[in-house]
Each structure stands twice: as structure tokens, then as C-alpha cells.
Amino acid sequence: MTRTRTLLLTLPLALALGLSAGPAATADPGTEPARGTQAPQLVIDSDFPDPDVIEVDGTYHAYSTSSPGKGQVPHATAPDVRGPWTVQSDVFVPKETWPDWIRTTHGFWAPDVSERPDGSFLMYFTARNDDNGRMCLSAATADGPAGPFVPQDDPLVCNPEEGGNIDASSFVDTDGTHYLLYKNDGNAIGQPSILWLQRTDAAGTTLLGERRELLRNDQPADQGVIEAPVLVKRPSHYVLFFSAGVYTGGGYYTGYATAPSLDGPWTRAPEPLMTTDSLGGAVDGPGGQDVLDDTIVFHGHLPAGGRGMYTADLGWDADHPVVRGSTVRLEAEDATLHGVQTVDDATASGGAAVTGLDAEGDRVSVRVFAPADGGYTLRLGYAADGPVAQGLAVDDGPARAVGLPARDAGGWQELTVDLELTAGAHTLHLEHVRGSARLDSLDLA
């Protein structure tokens with residue numbers, strides 16, 4: 001983790017939906033298109049929650065919350081972040097060597113491992129404090145990423161009056177300043193849960209100055225919980241990833257916020273980055289995330305129980321994260337419109353729709369962003385009283401006809417179309433060819 005109606009949409013799209021494939025359109029007519037978008041990949045198909053991943057000398061190392069049969073701090077390795085992953089042995093020292101404050105009958109939560117300037121390795125971990133019963137943060141060190149990690153004698157952050165402290169992660173800014181991020185576990189005692197940032201020394205084991213608040217659990221979707229902070233510096237701003245909701249259910253999700261400086265102000269993105277629904281059900285309760293350049297690593301519930309580790313392509317649109325495999329709806333009335341009109345419609349998803357797509361030159365254009373080369377799925381929400389054909393073009397490429405079948409009973413319906421896109425921003429154009437249709441929404445999956 002060391003880591004004006006006529007508006008061309010600039011919101012980054014989370015990309016994916018696992019829907020039925022339709023006719024293909026491609027930005028490169030000479031290339032055979034991929035069939036639909038790529039859902040997140042399950043790379044550890046067993047309990048491996050809250051994954052943290054680092055790369056050392058060409059080998060990737062992953063660490064997770066304690067798991068039965070895998071040890072106190074489970075460890076896995078791979079030649080590539082996308083696998084294949086092999087679960088290795090526990091990387092923490094035996095219980096008989098632990099300091100007295102750590103409760104030996106309780107698991108550790110959400111470890112974070114980073115390489116220090118002297119070449120040694122630092123692990124932040126969360127353990128139950130046997131003196132006060134709350135979860136507290138501490139640090140352990142090792143000569144290599146495979147351990148064994150030896151804990152400090154005392155907790156690093158332990159405030160039982162605010163519910164305890166969990167979910168540590170490390171961050172090194174571009175000027176070399178080291179920071180610790182964590183959450184106070186306020187939701188455990190009916191108090192606010194807050195994500196904190198605290199400066200440390202280069203070794204990561206001495207706290208410096210005062211901590212500062214970044215975000216708290218103040219949104220309905222949070223269900224009273226915000227946690228798992230991960231901080232990334234982009235050229236134009238800082239990006240704070242977090243998880244929110246109740247981790248045991250499908251409402252757990254991954255979100256993000258941005259700020260021009262570490263002092264804020266922090267602004268949440270208008271929509272979550274990943275939810276169970278935005279991933280089309282491919283992952284249940286996506287959260288506990290870590291970020292490595294062009295990949296996001298996270299966990300989701302497994303049908304057999306536990307939480308497996310997933311990876312997905314991550315792109316950056318104007319320094320905002322875009323995940324391949326996650327969908328955000330774009331309302332047709334907010335697109336760039338040529339020769340068509342918007343109408344209020346209570347039955348449409350945004351309370352309005354586009355009509356008059358019925359003459360030559362009529363067009364709806366929308367900006368999208370693909371985080372990686374490959375196949376994507378476009379879902380059109382439309383209504384048509386009779387058979388309709390529209391031309392679908394990518395950027396300045398040739399348009400191809402896409403049929404929009406009419407529904408006998410009328411009302412809104414959906415059509416999915418597969419696209420082949422190169423990484424980066426594109427403009428999709430839907431143009432009139434034959435018939436008349438109303439357009440409600442466009443989802444790029």
C-alpha cells in the first residue's frame with residue numbers, strides 16, 4: 001500500500017456487467033473483438049480476507065486477516081499480481097514469543113506490509129488487547145517479506161475510549177514523508193468511525209505530530225461503518241480508497257474520496273467504486289482493497305464460506321480510479337445530444353429520457369473510459385414501438401447497425417452489445433438509422 005443540456009460526460013466509468021453478449025462493435029474493425037467485459041478474477045479461492053499485496057524482486061507477496069488452517073498472518077506468493085498464487089506458511093513468530101498484551105486466543109486483522117528504507121520489512125497488524133479487550137494496532141519487523149515478523153513490546157495505537165483501532169496501512173508521500181492510516185473502531189461502541197492519518201518516522205514505528213481526520217461514517221450507504229483506508233498520490237490530487245458497510249453481507253462496498261492536499265478537503269465520489277450490484281453479482285461484498293498501479297486487489301464472499309481474493313484491472317481517468325468489471329449508469333439526458341430532445345419521464349431511471357431519435361443526423365454521444373485493452377459490454381435502456389436500427393460508432397470509427405427490437409407490451413427494455421476498446425477515453429455515438437426510439441440510459445460494463 002506504500003503505495004448546457006449538451007454536456008459531454010466526464011465521470012469515470014467503472015466497467016463491467018457479465019450480461020448476455022450481443023452484436024459486436026469495435027474501435028479497430030480489423031481486430032477480432034473480445035466477447036464482453038472481463039469480471040474480476042478470483043485468484044485465491046479460499047478464505048484470504050483483507051488482502052495486502054507488495055512486490056519484492058519480481059515476486060508478489062500477499063498477507064491477510066487470520067484464517068483457520070492458514071495461521072495468524074496468512075501469506076501467499078505469485079510471479080504476477082494476477083497469479084497463480086500459492087498460499088505459504090504463517091509469517092508471524094510463534095505465540096509463545098508474543099508480548100503479554102496480545103490476546104493469544106484471537107485472530108489478527110488486516111495486516112499491512114511495506115519495505116523500509118534500510119531494506120527491512122515493517123508489518124502493521126491489529127490484535128486484541130488482553131488488558132482492555134479492544135482491538136489495537138502494533139508493528140512487527142522482519143528481514144524479508146516472508147518473515148518471521150517479530151512484534152514490538154507495546155501497541156502503537158490503542159485508544160479503547162474510541163472503540164479501539166484497526167485497519168492500519170502505510171503511505172509514503174512523494175517528498176519521502178511516511179504516514180500511518182487507520183480507523184478508530186467507533187461502530188463497535190456506538191460512536192463515529194473515523195479514518196485517521198498520522199505522520200511517522202521513516203522506520204514507521206514512532207508517531208510524529210498530531211493525527212488528522214480524513215473521513216467518517218456519515219453516509220446512509222455506510223451502514224454506520226467506514227474502514228480499510230488506502231492512500232494513493234496521483235499527479236493532480238490524493239485518492240483515499242475505503243470500504244464501508246457491514247463486511248458480513250452483500251452491502252459491503254468499496255468507495256473513494258479525493259483531496260488536493262492531505263489537509264483536505266476530502267470529497268467523496270458521487271458513486272461507489274465497486275458494489276455487489278455494480279459487479280453484476282460476480283463478487284459479493286467487494287472490499288478490504290489494496291491498490292498496485294494498474295490493479296486493485298480485494299476480497300469477496302465465497303459460496304462455500306470465507307472471503308476469497310480477487311483482482312481487477314484499474315485505470316485512471318483524470319486521476320480518478322476506474323475498475324474494469326464495475327458499472328456506473330449514464331443517463332441519456334446527460335449526454336451530448338444532436339437533433340434530439342429530453343423529456344421528463346417518471347418511468348425512466350433518472351426521471352427523464354431522450355426522444356426524437358428518428359431522423360438522419362440525430363445522435364447521442366457519451367464519453368467513456370476503459371481501464372485496459374479488451375472487451376466491454378454496453379447496455380442500452382430504450383423504448384420502441386416498432387423495430388428500430390441505430391448506428392453505433394466508437395470515436396471516429398465506422399458505425400454499424402444495431403437492432404433495437406420492439407416489445408409488444410411497450411415500456412423500457414434493454415439490449416446488450418459487446419465492444420472492443422483500447423485503454424483510455426472514448427466517445428460512443430448512437431445514431432439514427434431506421435425507426436424511432438426513446439433512450440433512457442447507457443451502461444458501459
Side-chain angles (χ1 to χ4, degrees), residues 1 40 42-53 62-68 70 72-74 106-112 124-128 134-137 162-169 181-196 214-230 240-257 268 272-279 281-291 296-312 323 325-326:
M1 295 187 199
L42 178 60
V43 294
I44 297 183
D45 189 7
S46 62
D47 193 43
F48 204 88
D50 305 307
D52 174 76
V53 179
Y63 310 86
S64 86
T65 287
S66 299
S67 178
K70 293 188 177 75
Q72 203 69 23
V73 180
H106 194 280
F108 292 176
W109 294 354
D112 172 273
Y124 291 128
F125 66 96
T126 304
R128 182 75 67 184
R134 292 296 172 191
M135 300 299 284
C136 296
L137 301 177
E162 59 184 22
N165 306 97
I166 69 172
D167 288 0
S169 69
L181 295 98
Y182 64 90
K183 163 201 174 179
N184 73 276
D185 205 17
N187 52 275
I189 58 172
Q191 293 186 14
S193 294
I194 300 172
L195 303 183
W196 299 95
L214 302 181
L215 286 179
R216 61 173 60 202
N217 56 340
D218 58 3
Q219 300 295 311
D222 298 344
Q223 302 176 71
V225 181
I226 189 169
E227 56 195 16
V230 175
L240 177 66
F241 295 82
F242 61 87
S243 299
V246 180
Y247 81 91
T248 54
Y252 200 57
Y253 74 91
T254 299
Y256 75 94
R268 288 202 194 203
L273 186 63
M274 296 187 295
T275 68
T276 301
D277 288 342
S278 78
L279 294 173
V283 183
D284 183 72
Q289 68 293 321
D290 194 12
V291 173
I296 187 167
V297 183
F298 56 99
H299 71 232
H301 298 288
L302 299 172
R307 289 168 286 167
M309 187 172 99
Y310 291 80
T311 65
V323 174
S326 186

Side chains of [X] and [Y]: closer than 4.5 Å at any heavy-atom pair?
{"X": "Leu240", "Y": "Leu181", "answer": "yes"}
{"X": "Ile189", "Y": "Arg134", "answer": "yes"}
{"X": "Asp52", "Y": "Pro111", "answer": "no"}
{"X": "Pro286", "Y": "Thr276", "answer": "yes"}
{"X": "Pro40", "Y": "Leu279", "answer": "yes"}

Is it true that a side-chain atom of [X] and a backbone atom of [Y] form a donor plus acceptor pair closer than 3.5 Å?
{"X": "Thr126", "Y": "Met135", "answer": "no"}
{"X": "Thr311", "Y": "Val297", "answer": "no"}
{"X": "Gln72", "Y": "Ser67", "answer": "no"}
{"X": "Gln289", "Y": "Gly255", "answer": "no"}

Between atom [atom1] of [X] and atom [atom2] of [Y], what is the distance when rounded to the nearest 0.5 Å?
{"X": "Met309", "Y": "Phe298", "atom1": "CE", "atom2": "CZ", "result": "10.5 Å"}
{"X": "Leu273", "Y": "Ile296", "atom1": "CG", "atom2": "CD1", "result": "5.5 Å"}
{"X": "Thr275", "Y": "Asp284", "atom1": "OG1", "atom2": "CG", "result": "10.5 Å"}
{"X": "Phe108", "Y": "Ile166", "atom1": "CZ", "atom2": "CD1", "result": "14.5 Å"}
{"X": "Phe242", "Y": "Ser169", "atom1": "CZ", "atom2": "OG", "result": "13.5 Å"}

Do you know the tightest heavy-atom contact between [X] and [Y]?
{"X": "Gly300", "Y": "Val283", "value": "CA-CG1, 3.7 Å"}
{"X": "Asp167", "Y": "Ala110", "value": "OD1-CB, 3.5 Å"}
{"X": "Leu215", "Y": "Ala257", "value": "CD1-CB, 3.8 Å"}
{"X": "Asp290", "Y": "Pro51", "value": "CB-O, 3.6 Å"}
{"X": "Ala62", "Y": "Val53", "value": "CB-CG2, 3.9 Å"}
{"X": "Ser243", "Y": "Thr254", "value": "OG-OG1, 4.3 Å"}

query = Passes side-chain contact (heavy atoms from CB on, under 4.5 Å), Leu42 versus Leu302? Steps please.
reply = CA-CA 10 Å; Leu42 178 60; Leu302 299 172; 4.0 Å; yes
inquiry  = What I want to check is whether the side chains of Lys70 and Ser64 have a donor and an acceptor closer together than 3.5 Å.
reply    =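 Ser64 and Lys70 do not have a side-chain donor-acceptor pair below 3.5 Å.
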key: Between Asn184 and Trp196: side-chain donor-acceptor atoms closer than 3.5 Å   =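 Trp196 and Asn184 do have a side-chain donor-acceptor pair below 3.5 Å.
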inquiry  = For Val225 and Asn217: C-alpha separation, side-chain torsions, deciding distance, then whether side-chain contact (heavy atoms from CB on, under 4.5 Å) applies.
reply    = CA-CA 6 Å; Val225 181; Asn217 56 340; 5.8 Å; no
task = Given side-chain contact (heavy atoms from CB on, under 4.5 Å), test Asp47 with His299 step by step and report yes or no.
result = CA-CA 9 Å; Asp47 193 43; His299 71 232; over 6 Å; no
Residues which pass salt bridge (Lys or Arg N to Asp or Glu O under 4.0 Å) with Asp185, listed by chain and number, not counting sequence neighbours =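 Residues passing salt bridge (Lys or Arg N to Asp or Glu O under 4.0 Å) with Asp185: Lys183.
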Output a table of donor-acceptor pairs, distance under 3.5 Å, between side-chain atoms of residues 244-253 and any protein atom two or more places apart or on a different chain; print 'none' if there are none.
{"unit_1": "Tyr252", "atom_1": "OH", "unit_2": "Glu227", "atom_2": "OE2", "d": "2.6"}
{"unit_1": "Tyr253", "atom_1": "OH", "unit_2": "Asp222", "atom_2": "OD1", "d": "2.7"}

